[in-house]
Structure formats: structure tokens, C-alpha cells
Asker: 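Let me give you the structure first, and then I'll get to my questions.
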Amino acid sequence: MNRIFSGMQPTNKLHLGNYLGALRNWVALQGGYDSIFCIVDLHSLTLPQEPAALRRNTRELTAAYIAAGVDPSRCIIFAQSSVPAHSELSWILSCHAPLGWINRMTQFKEKAGKHRDAASLGLYSYPVLMAADILVYKATHVPVGEDQKQHLELTRDIAGAFNRAYGVDYFPLPEPQILGAAARVMSLRDGTKKMSKSDESDWSRINLTDDADMIAQKFRKAKTDPEPLPETVEALQQRPEADNLITIFAALDDCERQAVLDRFAGAQFSTFKTALSDLAVARLAPMTEEMRRLLADPGEIDRILRSGALKAAELANRHLAEIQEIIGILRP
Ligand code: TYM
């Protein structure tokens, strides 16, 4: 059976982009694959973390996976740090990743900004750890949002470089699964920037934990242009904010953007935004409620993570031993 691997960083709150671009697709895909979903806590360390917040966010993210519909009885859910094989494979793969490939990664450039010399080595080698996450399970498919595309291309390149270096056909080249129109949800304050956990302004995103009031306020304040909504999708091309809100509506309502325009063409944004808020609340509230219920019993969340870690480690350690054998590491 084909195997899915994907993960999210337990950094701040999950937002609508994470949900529509990734999490929701995991839920839809989980039945058809051997599925592994990770809380990538080691990746979070690439930016400063407050220890208590990291612990809390790790449990919250686990609860969010489950509340969104990831089923712990069918999938492996675990924290990256609990399976040390990720880190070990990351080192091995880093020895097969030319600097020229890593230097191309746009996410590093964005996150390091003007202070490149002050950025950590971890932030720089972040995509190699990500490749290790995927390859240590020999995953064949990786459902992610659009922003992870370049990292997945690198993962395929590194897998190919390893296979060639040792004349083996060991690692599959994993396929990105970038699904649906909402693979890139944009900021509510600027339709040309993606919705992001790291945006300073909380008004730029809808968090999965926002209550109905907050969701309504955020959509009401969302940037738009003065024109009424157009009749056709083509007319959205030069209107990034309008396009984003229509895309979000379509994704939440499981329909095409054109169907949304058929309903709202000619309407003012104020009318449309009210409908959008109501829809978002209807979709997100049950999830937020379920998250709250799960978080009331952290012991149960920890049990799920422990049991997931055992299953993940069994697979990862078996593969790591095979990899060590291929590269000639003596295991006396
Ligand atoms: P992270 O934690 O930034 O985001 C988690 C997932 O959400 C998607 N996403 C979005 N999708 C649509 N619109 C947006 N505005 C938006 N923002 C985020 C991301 O594409 C991602 O799928 N490097 C990864 C975590 C990772 C990983 C992996 C993923 C580590 N190892 C192995 C897959 C496989 C990250 O930082 O995701």
C-alpha cells in the first residue's frame, strides 16, 4: 500500500490555511493509504520557542489533527522528537545534499530576512530534516499546501542522489499532493501574501480556535476593493483579496469558485462577508469544540502520542538499519 507522510509545526495556532491546504486533505486521504501524521516539534526549534508553549502547542496540534478527523485508530500520530531516527537520517542525508541545492530554498531566504548571518544552521538545514521525516518511512505521497512544493522537490532530489551514490533503488521519490483550490490561502490583510502563523498581525488569519465573534470581526476587517463581486472567475484575476475570499468560501462550501460567484455576483462585500463568516463558523465551531473536549484530558492525548511513537519508531528503525547497511555503517 502507498504511504502518506505529512506534518505541521507546533508553532502558534493553526489557521485556516493549514486546515484547507493540508489537514482537511489528510482526513480525506487517510483511508486510501498507510498514513503517518507528525507533529514536527524539532522543526519548531528553528525559531525561538518558549518551552511551556512548545509543550502546550504540541498537545494542541495533536488535538487539532484528531478534531479535524484524523483517526488515531487508523493512522499513526506522533511527535517527531520521539523518533530519533529522523535526526540521524537527517545527518546522513545532509551529506548527500549539495549546498547549491540548499541555497535555492526560498523559505530560508524569507525567514532569515536581512539577518542571514544571524540565522541558525537549523533554519538553513530545515529542509533536509524534512526530507528525512518523509524518507525514513519511505513515504510515497506527501499532502501539503503549495508553499512546501520546493521542499518536496528537494526531498526527491536528495532521495535520487542517495540512490545514485550507492547504486540502489532504495528510496521512492515521494509525490507531492497539493490538492484543491485552497492550496495557498492568502492573508486577510494582503491578498498577495500567504496566510501565515508567523505574520505579526492576528487580523491576517483565521485561527482554528477563534470564536464566532472573532471570525466575524476578522472577515469584516479583511481587506477588499471597492467593486462589487464579479460574475466570472476571470474577473478575479487582478483582485487578489476578492479572489482569496471567494476561494475560501468555495473550499469551505465544497464547491467551485464560479458557483460562489453565481450566488453573489453584484453583491457588496459586506453582504458576502457575513455569509462567509457564517459558513466559516459553521465549519470550524464543531472542530474547536472537539479540540476543547480533547484538551480537557491531556493524559489521553499523551497516550495517543506514545502509541503513535512506538509504531512510527518500529518502521523508522527498520529502515534506518537498512540504510546503515547500504552505506557501510558497521552494526556489530
Ligand atoms: P507548516 O507547519 O508551516 O504548515 C503546515 C501545513 O499547512 C500548509 N499551509 C498552507 N496551506 C495553504 N495556505 C496557506 N496559507 C498555508 N500555510 C501553511 C503547509 O503547506 C503545510 O502543509 N515544513 C512543513 C512541516 C514539515 C513537513 C514535513 C510537511 C516538516 N516535515 C514532512 C510534510 C512532510 C511546515 O513548516 O509546515
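When a ligand or atom number is given, it counts from 1 through the structure's own listing order. FYI, the numbering just counts along the sequence from 1.
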Asker: Flag Gln9 as yes when one of its N or O atoms lies below 3.5 Å from any N or O atom of ligand 1, and as no otherwise.
Answerer: yes

Asker: Using distance alone, decide if ligand 1 has a nitrogen or oxygen within less than 3.5 Å of any nitrogen or oxygen in Glu146.
Answerer: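 Between Glu146 and ligand 1 (N or O atoms, distance only) the closest approach is not under 3.5 Å.
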
Asker: Pairs of nitrogen or oxygen atoms closer than 3.5 Å, one from Gln107 and one from ligand 1: do any exist?
Answerer: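 No - when backbone and side-chain N and O of Gln107 are compared with those of ligand 1, no distance drops under 3.5 Å.
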
Asker: Judging by distance only, is a nitrogen or oxygen of Val142 under 3.5 angstrom from one on ligand 1?
Answerer: no

Asker: Taking the six-membered ring of Phe78 (Phe, Tyr or Trp), confirm whether the NZ or CZ of Lys311 is under 6.0 Å from its centre and within 45° of its axis.
Answerer: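 No; the conditions do not both hold, so Lys311 does not lie above the ring face of Phe78.
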
Asker: So which heavy atom in the protein is nearest atom 31 (N) of ligand 1, and how far is it from that ligand atom?
Answerer: Asp133 OD2, 2.7 Å

Asker: Can you report which non-hydrogen protein atom sits closest to atom 22 (O) of ligand 1, along with the distance?
Answerer: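 I find the closest protein heavy atom is Gly145 N, 3.1 Å.
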
Asker: As an exercise, identify every atom of ligand 1 less than 4.0 angstrom from a heavy atom of Ser6.
Answerer: 33 (C), 34 (C)

Asker: Counting only heavy atoms not in Glu325 (residues, nucleotides, ligands), do more than 12 fall under 6.0 Å from its CD?
Answerer: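 At most 12 heavy atoms, drawn from other residues, nucleotides or ligands, come within 6.0 Å of this atom.
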
Asker: With heavy-atom distances below 4.0 Å as the criterion, list the atoms of ligand 1 near Lys197.
Answerer: 2 (O)

Asker: Looking only at protein heavy atoms, identify the closest one to atom 37 (O) of ligand 1 and say how far it is in Å.
Answerer: Gln148 NE2, 3.9 Å

Asker: Is a donor from one side chain sitting under 3.5 angstrom from an acceptor on the other, for Thr209 and Asn207?
Answerer: no

Asker: Can you confirm whether or not the ring centre of Phe5 sits under 6.0 Å from the ring centre of Phe37?
Answerer: no

Asker: Record the part of Ala182 in heavy-atom contact with ligand 1 below 4.0 Å; permitted values are side chain, backbone, both and neither.
Answerer: backbone

Asker: Which residue and non-hydrogen atom of the protein lie closest to atom 17 (N) of ligand 1, and at what distance in Å?
Answerer: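 Scanning the protein heavy atoms, the shortest distance from atom 17 (N) of ligand 1 goes to His15 CE1, 3.5 Å.
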
Asker: Please list, in number order, the atoms of ligand 1 under 4.0 Å from a heavy atom of Ala183.
Answerer: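 The list of qualifying atoms is 11 (N), 12 (C), 13 (N).
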
Asker: What are the atoms of ligand 1, with element, lying closer than 4.0 Å to any heavy atom of Ala22?
Answerer: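 Matching atoms, with element in brackets: 6 (C), 7 (O), 22 (O).
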
Asker: Should we count CG of Asn103 as having more than 12 external heavy atoms under 6.0 Å?
Answerer: yes

Asker: Above 12 or not: heavy atoms from other molecules or residues under 6.0 Å from NZ of Lys149?
Answerer: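 Counting other residues, nucleotides and ligands, NZ of Lys149 stays at 12 neighbours or fewer.
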
Asker: I want to know whether His319 and Tyr137 have ring centres closer than 6.0 Å.
Answerer: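 Ring centroids of His319 and Tyr137 are no less than 6.0 Å from each other.
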
Asker: Pull out every atom of ligand 1 sitting under 4.0 Å from any heavy atom of Arg184, numbered as shown with elements.
Answerer: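 Reading through ligand 1 atom by atom, the close ones are 12 (C), 13 (N).
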
Asker: Under 4.0 Å from any heavy atom of Phe5, which atoms of ligand 1 are there?
Answerer: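 So the answer, numbered in order with elements, is 32 (C), 34 (C).
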
Asker: Looking only at distances, please establish whether an N/O atom of ligand 1 is found under 3.5 Å from an N/O atom of Val185.
Answerer: yes

Asker: Can we call the ring centroids of Tyr166 and Phe162 under 6.0 Å apart?
Answerer: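 Distance test on ring centres: under 6.0 Å, yes.
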
Asker: Gly17 to ligand 1: N or O pair under 3.5 Å?
Answerer: yes

Asker: Is there any N or O on Tyr126 that sits under 3.5 Å from an N or O of ligand 1?
Answerer: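 Yes.
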
Asker: Give the atom numbers and elements of ligand 1 that come within less than 4.0 Å of a heavy atom of Gly21.
Answerer: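 With Gly21 as reference, the close atoms of ligand 1 come out as 11 (N), 12 (C).
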
Asker: Around atom CD of Gln217, are there more than 12 heavy atoms from other residues, nucleotides or ligands closer than 6.0 Å?
Answerer: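 Yes, CD of Gln217 has more than 12 neighbouring heavy atoms, counting only those of other groups under 6.0 Å.
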
Asker: Students should be able to answer this: which protein heavy-atom is nearest to atom 28 (C) of ligand 1, and at what distance?
Answerer: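 Going by distance alone, atom 28 (C) of ligand 1 is nearest to Met130 CG, 3.4 Å.
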
Asker: Indicate yes or no: does an N/O atom of Asn18 lie under 3.5 Å from an N/O atom of ligand 1?
Answerer: yes

Asker: Counting only heavy atoms not in Glu50, do more than 12 fall under 6.0 Å of its CD?
Answerer: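 For Glu50, atom CD is crowded (more than 12 foreign heavy atoms under 6.0 Å).
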
Asker: Can you tell me which portion of Val144 lies within the under-4.0 Å heavy-atom range of ligand 1? Options are side chain, backbone, both, or neither.
Answerer: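 It is both backbone and side chain that touch ligand 1.
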
Asker: For ligand 1, which part of Ile134 has a heavy atom less than 4.0 Å away: the side chain, the backbone, both, or neither?
Answerer: side chain

Asker: Quick one: look at His43 and ligand 1, take heavy-atom pairs under 4.0 Å, and tell me if it's side chain, backbone, both or neither.
Answerer: side chain

Asker: Under a 4.0 angstrom heavy-atom cut-off, which atoms of ligand 1 come close to Gly7?
Answerer: 25 (C), 26 (C), 27 (C), 29 (C), 33 (C)

Asker: Does at least one non-hydrogen atom of Met186 fall below 4.0 angstrom from an atom of ligand 1?
Answerer: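 Contact absent.
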
Asker: If you measure from atom 20 (O) of ligand 1 to every heavy atom of Leu16, Ile4, Asp147, which option wins on shortest distance?
Answerer: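 It is Asp147 whose heavy atom sits nearest to atom 20 (O) of ligand 1.
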
